[in-house]
Structures are given as C-alpha cells and as structure tokens.
Number of protein chains: 2
Amino acid sequence: MPSNQPIARPQTDVAAELRAIALEMFAENGYSGTSLQQIAEAAGYSKSSVLYHFRSKEALFEEALAPSVAELDEFLGSIVAKVTSDGQRAQFTADFVDLLLEHRLAAHIIINQGQTLSDIPMVDRATGLIQRIGESFMSDLPTTKQRIRLGVALAGAAYILVASRPSLTEIDDIDEVREALIDVVGELITPLSS
Amino acid sequence: MPSNQPIARPQTDVAAELRAIALEMFAENGYSGTSLQQIAEAAGYSKSSVLYHFRSKEALFEEALAPSVAELDEFLGSIVAKVTSDGQRAQFTADFVDLLLEHRLAAHIIINQGQTLSDIPMVDRATGLIQRIGESFMSDLPTTKQRIRLGVALAGAAYILVASRPSLTEIDDIDEVREALIDVVGELITPLSS
DNA sequence: GCAGACGCTGACCGATCGGTCAGACTACGG
DNA sequence: CCGTAGTCTGACCGATCGGTCAGCGTCTGC
C-alpha cells in the first residue's frame, strides 16, 4: 500500500530539531547574539549541516518563528467575531493568554527583538498582525485613557508571561498565574464597551 | 584662583557625546547588534578614538547606562516612604511614569535586553533594583491575583512607554498619554491595600 | 622654545562571523 | 553491482568583530 509521501518519516526530523533549538537560543541570547556555530554545537551537528538544512541564518530564524506566527494569524481571524459579540470577551481574554503561554519563545522574541529585527519579513509580519489586533479594538475606543487601558492590559500580560524573569511570576503555580491574569486582563478590557 | 579640577571643561565633552550616541544605538539595535565601528561612525570619530575614551565596548555600555541606573537606585530609596504611607501612592505612580519617560532609552535596554545581558554588572544591578521595587510591594500582597495586578500595571506601563512601536502610543500628545497612564496604573495599584 | 600630556588616528592583531564547496559516507532502486 | 540521491562534514573564503599599539599633531606650563 504505497502512499505519495515517504512511507516513514525519519524518526528524528533534523530540521525540526534545529528549529526548536534555534528558537530557544534566539530567545535567550538574541538573534545577533546567537551564532550558527553555537546552534550547531547545541544540536550536536556541524555548522555546515545547519546550513545544509537552511539556506541561511535568517531562513532558519524565519522557519523557527513561522508556526507561531501562523497561529497568531489564525488568532487574529478568530478575534473579529469575538470582539463584536459582547459575551465572548472573556473567551478572547483566555485565548490570548493561552496563545502567549503556548508560544512563549516566539512571543519573547517578537516582544523583545521585534523593533531591532523589523527588516526580517517574518518579524515584520508578526508585528503587523499584533498591530491589527490592537486596531481591531482601538477602532471603537474614543478616549486616550481607554486605549491606554487596553494597551496596559495586553502589554502587561504579555510581558509578565513571556519576557520577565521569574521575579514577578515567581514559582507560583502556572495555572494560578494564568487564571489571575485572565481575571485582571478581563477587568481592564470589559469596561471598555461602557 | 586655581581649582583642583580643570578650569574649564572642554566645550564638547566627547565622552558624554559618545555615551549618548551609544545609548541610542544600543537601544535601537541591541548590544551585540551594535559595533564599535558603527558607534564611531555615527559620532564622527574613529573606532580607536572610542576605545581611547572607554576601556572596552562593555565599559562604554556600562557608563552609558550608569546615570539612569543611579536614578533608579534613588527612586527605590524614595519608594519605601511612599509605599507605607497610603496617601502618597498617587505620587509614586506619577514618579514611576516620569522616571520611565525621562530614561526611555536605558529603560528600553533593560526591559528588552536585561535577560540576555545579565552577565554585565550594570545590567544585573538594574534588574536587581527593579526586582526590589517589585518586592517592596509584593511583601504585603497575599493573593496571586493582587500580585499579578501589580505586575500588569508596572510591566504594561513600562512596555507602552518605552518598548513599543508608535502603534499603541500613536501620535497622541505625550502628556495626554502620561496622564492616562498614571490614571490606569493608579486604578490597578490603589485597590491593593483593600 | 622645549617637554610632556592630551586627543586622536591608521595599521594591524587573532578570533569569529555567515556562507561556499568539494567530497565522504550511507541507503536504496534498477 | 552499480548509479544516484540524501545527509553530513572539514577546509576554506572574505568580512567584520573587539582590542592593541606606535605615532601623529596640538596645546600648555615651565
């Protein structure tokens, strides 16, 4: 029973392995602070091998970010419905927090290095999506204060979950943080329609 | 009437000029993304000149950050009084926002590159100070939700003022943003004592 | 007017950067 | 049993990195 794709994927997908390791190192030490040599060593391959699987350092970076950006795109699509329907604001908040938690590393990179790396297409696309998410709310927020409230909620949540040292988040149960965060963001967001 | 320091400082303090330019470039392109060559060119000097005024790239970086970190230290000292006295919470909030505004570039660097550059003493000192500011509040915040509320307020305000693209802040009058931000942070912080 | 300090520079250093390339080894289909 | 495609590697490339050093003017106090 032949199939049109390889009968068995190699047990270890080297490219995927490299993407994962690279994503972690780019988040930890920055894009320009991480060399192909370091990535190769961490993965147990040679630098040449990394460049065999990926056209360039930038290509590796983009492919490592791609899945997270794709989900961010999907998230933006699902927002439109929820923002207009008042009852689903809570669902949006939970989805937002969970998206950040699921894509910690990519979010860390976009948040902390987004401006610096704006000339990389994948990064530019991600920041564009984030901006559109903000705008989809902003459109019916007349006062500066309301807009700031939204900004503090989203940026504060993102930074706490993703970019801060353990200091603020501490060792508290991650689920406890998640729920508290959903509460606080919800408080800041829901009075916006009033 | 001789003095024990040079009678007249040179009209243009080259070291100070280099610190300012370097701070800007480190904030914009990251520490490892900024070379001494680039800094020298931007300042109109040679790379050798930069290294004449500063022992090393890291020394330049530290000296560029130093004034802001010193003020952060001062700020931490002034907090202790204000946190305990309930009436001065509003004053604290305004001071916090103004501190961020006054030291935009340094704050940008610490926020976005603090983790990556934690092995640089000045950066480590700054993150330590920030942590102590957080702890000075946390100490009498029993629930996770209250602590998250504080974290969202501080991190959100910091990120909006300092680290975001113009997207959220927009072209709105900076004073308008400042006041709205003080309002929102105040809302999040003041109910903490209840 | 001379000695020395100061500010600055180009030439140069070894190390490392991202990237190329010619092969080596393996596995598989004809 | 051979050819070919896929995977991986070391040797090598020019460019750039942070940093050193000898020496160039200029300015100043003696």
Side-chain angles (χ1 to χ4, degrees), chain A residues 1-19 21-23 25-26 28-64 113 116-117 119-123, chain B residues 1-23 25-26 28-65 113 116-117 119-123:
Chain A
M1 196 190 97
S3 75
N4 49 6
Q5 18 182 355
I7 299 186
R9 272 230 170 272
Q11 296 171 331
T12 60
D13 186 335
V14 178
E17 187 188 350
L18 289 174
R19 277 193 298 267
I21 290 178
L23 191 66
M25 298 185 72
F26 284 141
E28 184 140 355
N29 302 110
Y31 177 72
S32 61
T34 305
S35 70
L36 290 175
Q37 185 71 248
Q38 292 171 342
I39 295 172
E41 276 174 20
Y45 292 95
S46 70
K47 189 180 69 171
S48 302
S49 276
V50 176
L51 284 166
Y52 166 75
H53 289 285
F54 301 93
R55 212 177 327 113
S56 65
K57 183 187 181 184
E58 185 173 322
L60 166 58
F61 180 62
E62 294 208 281
E63 291 191 31
Q113 308 176 56
T116 298
L117 304 175
D119 52 342
I120 294 181
M122 186 65 66
V123 173
Chain B
M1 196 191 93
S3 75
N4 48 6
Q5 20 183 351
I7 299 186
R9 273 229 170 271
Q11 297 173 332
T12 59
D13 186 335
V14 177
E17 186 188 352
L18 288 175
R19 277 193 296 269
I21 291 179
L23 190 67
M25 298 184 73
F26 284 141
E28 184 140 355
N29 302 110
Y31 177 72
S32 61
T34 305
S35 70
L36 290 175
Q37 185 70 249
Q38 292 171 341
I39 295 172
E41 277 174 19
Y45 292 95
S46 71
K47 188 180 68 171
S48 302
S49 276
V50 177
L51 285 166
Y52 167 76
H53 289 284
F54 301 93
R55 211 178 327 112
S56 64
K57 183 186 180 183
E58 184 173 322
L60 167 57
F61 180 62
E62 294 207 282
E63 292 191 32
L65 280 183
Q113 307 176 58
T116 298
L117 304 176
D119 51 340
I120 294 181
M122 186 67 65
V123 173

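In the text below, chain A, chain B and the rest are named by the order of the sequence lines, each starting its count at 1.
- The number of heavy atoms from other shown groups lying within 6.0 Å of CD (B:E28) does not exceed 12.
- Side-chain atoms of B:E63 never come within 3.5 Å of backbone atoms of B:A15 as a donor-acceptor pair (strictly under, hydrogens ignored).
- Across all non-hydrogen atoms, the minimal contact from A:P121 to A:E58 is CD-OE2, 3.8 Å.
- The salt bridge (charged side-chain N to carboxylate O under 4.0 Å, His left out) test applied to A:E62 returns no partner, not counting sequence neighbours.
- Phosphate proximity of C:dC17 to A:S35: present, with a side-chain N or O under 4.0 Å from OP1 or OP2.
- Across the helix from C:dG1-D:dC30 to C:dG30-D:dC1, the helix axis at one end is tilted relative to the axis at the other end by 10° (nearest 10 degrees, each axis from five pairs).
- Rounded to whole angstrom, the span from the CG atom of B:D13 across to the C1' atom of C:dC6 amounts to 14 Å.
- The CZ atom of A:F54 sits 10.5 Å away from atom CG of A:L36, with the distance rounded to the nearest 0.5 Å.
- Look at CD1 on B:I39: it is 17 Å from P on D:dT16, rounded to the nearest Å.
- Contact annotation for A:S32: no contact, since no heavy-atom pair falls under 4.0 Å across all strands.
- The side-chain heavy atoms of B:V14 and B:Y45, taken from C-beta on, include a pair separated by under 4.5 Å.
- Within residues 45-55 of chain B, the residues that place at least one heavy atom under 4.0 Å from DNA chain D are, in residue-number order, B:K47, B:S48, B:L51.
- One can place CD of B:E58 at 18 Å from P of D:dC17, the figure rounded to the nearest angstrom.
- Remark: side-chain polar atoms of A:Q38 are paired, donor with acceptor, to backbone N or O of A:S35 under 3.5 angstrom.
- A:L23 is not listed as a side-chain neighbour of A:F61, based on a closest heavy-atom distance of 4.5 Å or more.
- Going from atom CD of B:Q37 over to atom P of D:dT16 covers 9 Å, rounded to whole Å.
- If you take CG of B:L36 and P of C:dC12, they are 20 Å apart, rounded to a whole angstrom.
- In this entry the distance linking CE of A:M25 with P of C:dG18 reads 11 Å, nearest Å.
- Atom CD1 of B:I39 and atom OG of B:S49 lie 13.0 Å apart (nearest 0.5 Å).
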